[in-house]
Amino acid sequence: MVRIKTLAAAAAGLLTLSSCALTTEVTTQKPYAPSDGIRVELDNGTVVENLFFLVGTEGGDAHVQGLLNNRSQEQREVTLAVADMGNLEFSLEPDSHNNLTDSNMTMPGDFTAGENVSVTVSSGEYSFDARVPVISACTKGYEDAWPEPLDCPEPEAPAHGDEHEGH
């Protein structure tokens, strides 16, 4: 009798857990930006990937980082309207891309690392309002992305007792 109750409880538990998988949307099947920047996809085939602003040690002007994709068979005009700082405009040929990171494009403004800046991405009649991160060029992995040498502060060592020993 105990064995039957145990089997029934196990079956009920498996049914409950499997129903969660049926009713919960798997988010990794949707496109996402596995990066520090954001991803915006407009309905006309325009996709912006890994968009962020890179600033030096003092902030100020920023280098625009990311990739613009035109996945359509028509030429697209794309605008990045940065709140209170101006617009960046691009023309993309059909089925092409523009690597903003390689262009060393500077956006004049008052950018501060750690903030998110309001940007409207638009192409034709389609637009999307986004919050785009501002990242310091002193952040590990971005030191070489800044066009000139930076005097980055040394990372602080953890205080005594804060070390994780992996027990």
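Because the structure is predicted, anything quoted here is derived from the model rather than measured.
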Mind listing the closest non-hydrogen atom pair of A145 and L54 along with its distance?
CB-CD2, 3.6 Å
Candidate list H97, E41, R39, test side-chain contact (heavy atoms from CB on, under 4.5 Å), partner E49, passing option
R39
Which value, rounded to the nearest 0.5 Å, describes the distance between F53 atom CZ and H63 atom NE2?
12.0 Å
Just how far is it from atom OG of S72 to atom CD of Q75, taken to the nearest 0.5 Å?
9.5 Å
Below 3.5 Å, can you tabulate the donor-acceptor pairs from side chains in residues 128-142 to any protein atom, sequence neighbours excluded?
from: D129; atom 1: OD1; to: T120; atom 2: OG1; distance (Å): 2.6
from: R131; atom 1: NH1; to: S118; atom 2: OG; distance (Å): 2.6
from: R131; atom 1: NH2; to: N116; atom 2: O; distance (Å): 3.0
from: S136; atom 1: OG; to: C138; atom 2: N; distance (Å): 3.0
from: T139; atom 1: OG1; to: S136; atom 2: O; distance (Å): 2.9
from: Y142; atom 1: OH; to: D36; atom 2: OD2; distance (Å): 2.5

Whether the side chain of T101 engages the backbone of G66 through a donor-acceptor N/O pair (distance < 3.5 Å, no angle test) should be reported.
yes
How long is the gap from OG1 on T46 to CD on E77, to the nearest 0.5 Å?
10.0 Å
Decide side-chain contact (heavy atoms from CB on, under 4.5 Å) for M105 and F90; before the verdict, give the C-alpha distance in whole Å, the side-chain angles of both, and the deciding distance to 0.1 Å.
CA-CA 12 Å; M105 180 178 295; F90 306 91; 3.3 Å; yes
Work out which heavy atom in D61 is nearest to a heavy atom in G109; give both atom names and the distance.
OD1-N, 3.0 Å
N70 side chain to S96 backbone, donor-acceptor under 3.5 Å
no
What is the minimum heavy-atom distance between F111 and V55, and which atoms define it?
CB-CG1, 3.4 Å
Side chains of E74 and P94 in contact at under 4.5 Å (non-hydrogen atoms):
no
ILVMFWY network linking V119 to V47, side-chain heavy atoms under 4.5 angstrom
no
Can you tell me if N44 and S123 form a side-chain donor-acceptor pair at under 3.5 Å?
yes
The single option from L88, N50, L68, L67 passing side-chain contact (heavy atoms from CB on, under 4.5 Å) against L100:
L68
For V64 and M107 the tightest heavy-atom approach is CG2-CB, 4.0 Å
According to a 4.5 Å side-chain heavy-atom criterion applied to Ile, Leu, Val, Met, Phe, Trp and Tyr, with indirect links allowed, do M85 and L80 form part of one hydrophobic cluster?
yes
